[in-house]
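A quick write-up on the structure given underneath.
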Amino acid sequence: MKKLLLCLVTICSFVFITGCTSKEVSLNLEDLSNKLDNLKNNQFDRFSATQVIESKIANLEAIYDYDFEEKFGFTNENIENYSVGINESNMDVYFLVKPKDGKKEDVKKEIDHYFESLEKNQDEKIANKAKEKSYTEVQGYLVYVMADQSDEILEEIKNCRENVFGALSEINDEMLFNQFDINKEDVEDYLIKTPMMITSSNSYIIIKPKDGKKEEIKEKMNSYMEKLEKQWEIYLVDQYELVKNRLEEEYGDYLIYIISSDNELVFDTIKANNLA
């Protein structure tokens with residue numbers, strides 16, 4: 001009798017544990033597509049910050065590094081990355097500048113010197129505007145804005161963050177077979193987006209195989225990923241590292257593959273959209 005009870009307890013425990021660990025998953029792929037395409041990471045995005053500034057300040061002319069000395073009195077030798085614009089009719093101006101390592105104080109001194117010269121301008125309006133310029137630092141960037149409502153502009157661009165994936169192209173049924181060697185008839189549902197830019201490997205692949213087709217599709221995905229590694233290994237090292245460090249997960253009945261700079265963030269977003 002004791003042995004029988006022990007067996008019953010063991011069986012019940014097994015059922016309870018497996019019931020708790022098995023997970024029902026149902027993903028609304030159309031909704032998830034929109035969320036993933038617009039997913040942001042924590043990295044400052046100079047390009048979107050530039051767009052914000054140019055939408056707020058009229059008639060800005062983009063200034064490139066070969067004109068820095070003429071326009072501002074310093075060169076680009078200490079600058080790693082930048083966006084700079086000016087409206088010469090009213091002297092509205094902005095700097096989004098990332099100094100080279102160890103050159104922050106040098107760059108800051110050069111830009112401050114430019115604004116100090118404007119503070120002495122004979123046009124009182126320009127001089128006052130220079131005195132009231134706004135300044136902040138965001139993830140290694142020195143950010144200056146001299147314009148009306150500069151404080152409000154600065155607050156908005158502080159929150160500009162990079163898109164995790166960038167521009168993507170959605171895979172259709174024909175491309176599913178041509179690129180991945182997967183028949184639509186073997187798949188219950190899928191969402192696949194690959195990069196539009198030839199210099200990017202960012203992509204996400206979500207496939208729900210039909211019953212009995214999971215292992216076959218996994219093999220085909222392994223082949224696809226091997227080809228992708230070979231492609232990027234001889235092309236761009238940084239993108240090869242992303243491909244090599246991709247995330248591969250089985251989530252419920254879904255096979256998930258993520259190539260990005262923040263795979264865990266993407267996977268957490270997918271899991272947060274489980275409707276089951």
Side-chain angles (χ1 to χ4, degrees), residues 38-88 91-119 129-167 195-202 236-242 245 260-263 265:
N38 293 287
L39 187 63
K40 307 288 183 182
N41 60 27
N42 289 322
Q43 295 301 309
F44 178 67
D45 185 4
R46 175 174 62 88
F47 296 103
S48 61
T50 301
Q51 290 176 341
V52 168
I53 293 172
E54 292 181 348
S55 71
K56 303 287 186 181
I57 306 176
N59 302 318
L60 285 169
E61 174 193 358
I63 304 299
Y64 298 99
D65 52 9
Y66 47 76
D67 283 330
F68 281 3
E69 188 164 14
E70 178 186 346
K71 299 286 185 183
F72 309 119
F74 57 86
T75 69
N76 69 330
E77 64 180 359
N78 295 323
I79 295 173
E80 178 181 325
N81 217 339
Y82 69 91
S83 292
V84 177
I86 189 170
N87 178 340
E88 297 202 47
M91 293 306 293
D92 284 350
V93 64
Y94 78 89
F95 293 86
L96 288 172
V97 176
K98 186 175 184 179
K100 293 178 181 177
D101 288 344
K103 296 297 182 180
K104 171 185 168 183
E105 293 306 318
D106 292 335
V107 174
K108 191 173 186 305
K109 187 181 296 185
E110 289 170 339
I111 298 177
D112 286 343
H113 184 265
Y114 165 73
F115 282 110
E116 287 166 5
S117 69
L118 291 182
E119 289 176 16
K129 190 184 291 187
K131 292 174 185 177
E132 294 172 3
K133 70 183 179 299
S134 297
Y135 170 78
T136 192
E137 296 180 23
V138 186
Q139 295 187 8
Y141 279 87
L142 311 182
V143 185
Y144 294 79
V145 179
M146 188 180 95
D148 294 336
Q149 300 178 321
S150 58
D151 286 343
E152 290 85 347
I153 295 171
L154 218 60
E155 284 303 311
E156 187 170 346
I157 67 174
K158 281 181 186 179
N159 298 315
C160 291
R161 293 294 179 263
E162 287 182 352
N163 190 293
V164 172
F165 287 105
M196 295 180 68
M197 303 293 291
I198 62 172
T199 55
S200 171
S201 64
N202 286 343
L236 290 174
V237 174
D238 61 333
Q239 298 305 306
Y240 170 65
E241 290 299 320
L242 291 182
N245 294 307
S260 77
S261 59
D262 199 336
N263 296 336
L265 174 63

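Positions are given from 1 along the sequence. The structure displayed is predicted, hence computed values, not measured ones.
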For this session: Output, in order, the C-alpha distance, side-chain angles, deciding distance and verdict of side-chain contact (heavy atoms from CB on, under 4.5 Å) for Lys104 and Leu142.
Result: CA-CA 8 Å; Lys104 171 185 168 183; Leu142 311 182; 4.2 Å; yes
Problem set entry | Leu60/Ile53 under side-chain contact (heavy atoms from CB on, under 4.5 Å): CA gap, chis, key distance, verdict | CA-CA 9 Å; Leu60 285 169; Ile53 293 172; 4.1 Å; yes
Problem set entry | Nearest-0.5 Å distance, CD of residue Glu137 to NZ of residue Lys108 | 7.0 Å
Problem set entry | Residues, nucleotides or ligands: over 12 heavy atoms within 6.0 Å of Lys109 NZ | no
Exercise. Looking at side-chain heavy atoms only, is the closest gap between Leu96 and Phe44 below 4.5 Å?
Worked result: yes
For this session: Just jot down the ring-ring contact (aromatic ring centres under 6.0 Å, His included) partners of Tyr144, sequence neighbours excluded, or say none.
Result: Phe115, Tyr135
Problem set entry | Glu77: side-chain contact (heavy atoms from CB on, under 4.5 Å) partners, not counting sequence neighbours | Thr75
Exercise. Nearest 0.5 Å, what's the CZ-CG distance between Phe72 and Asp67?
Worked result: 8.5 Å
Seminar exercise, completed: Between the CD atom in Gln51 and the OG atom in Ser83, the distance rounded to the nearest 0.5 Å is 10.0 Å
Exercise. When you look at Lys158 and Glu155, which way does the salt bridge (charged side-chain N to carboxylate O under 4.0 Å, His left out) test go after all the steps?
Worked result: CA-CA 5 Å; Lys158 281 181 186 179; Glu155 284 303 311; 2.9 Å; yes
For this session: Give a yes or no on whether Asn42 atom CG has more than 12 heavy-atom contacts from other residues, nucleotides or ligands under 6.0 Å away.
Result: no
For this session: For side-chain contact (heavy atoms from CB on, under 4.5 Å), just list the numbers for Ile79 and Lys103, CA-CA rounded to whole Å, side-chain angles, deciding distance to a tenth of an Å, and then say yes or no.
Result: CA-CA 8 Å; Ile79 295 173; Lys103 296 297 182 180; over 6 Å; no
For this session: Mark yes or no for whether Asn87, through its side chain, and Ala58, through its backbone, hold a donor-acceptor pair below 3.5 Å.
Result: yes
For this session: Under the side-chain contact (heavy atoms from CB on, under 4.5 Å) rule, collect the residues that match up with Asp65, sequence neighbours excluded.
Result: Phe68, Asn76, Tyr82
Problem set entry | Glu110 (side chain) donor-acceptor with Phe74 (main chain) under 3.5 angstrom | no
Problem set entry | Partners passing side-chain contact (heavy atoms from CB on, under 4.5 Å) against Glu156 (at least two apart in sequence or in another chain) | Val52, Lys56
Exercise. When rounded to the nearest 0.5 angstrom, what is the spacing between NZ in Lys98 and CD in Glu80?
Worked result: 4.5 Å
Problem set entry | Sidechain-backbone polar pair: Asn202 side chain, Leu242 backbone, donor-acceptor under 3.5 Å | no
Pairs of donor and acceptor atoms involving the side chains of residues 145-154, under 3.5 Å and at least two apart or interchain, shall be tabulated with distances.
residue: Ser150; atom: OG; partner: Ser134; partner atom: OG; Å: 2.8
residue: Asp151; atom: OD1; partner: Ser134; partner atom: OG; Å: 2.4

Problem set entry | Minimum heavy-atom distance Cys160-Ser48, with the two atoms named | CB-OG, 3.3 Å
Problem set entry | Over all atoms of both residues, closest heavy-atom pair of Val138 and Thr136 | CG2-CG2, 4.0 Å
For this session: Identify, with sequence neighbours excluded, every residue that meets side-chain contact (heavy atoms from CB on, under 4.5 Å) alongside Glu162.
Result: Asn41, Gln43, Asp45
For this session: Could you tell me whether a side-chain N or O of Asn263 sits under 3.5 Å from a main-chain N or O of Ser260, the two making a donor and an acceptor?
Result: yes
Exercise. For the atom pair CG (Asn81) and CZ (Arg46), what is the distance rounded to the nearest 0.5 Å?
Worked result: 4.0 Å
Exercise. In this structure, are over 12 heavy atoms from other groups packed under 6.0 Å from Asp238 atom CG?
Worked result: yes
For this session: Flag the pair Asn163 / Lys40 as yes when at least one side-chain heavy-atom distance between them is below 4.5 Å, and no otherwise.
Result: yes
Exercise. Roughly how far apart are Tyr94 OH and Ile63 CD1, rounded to 0.5 Å?
Worked result: 9.0 Å
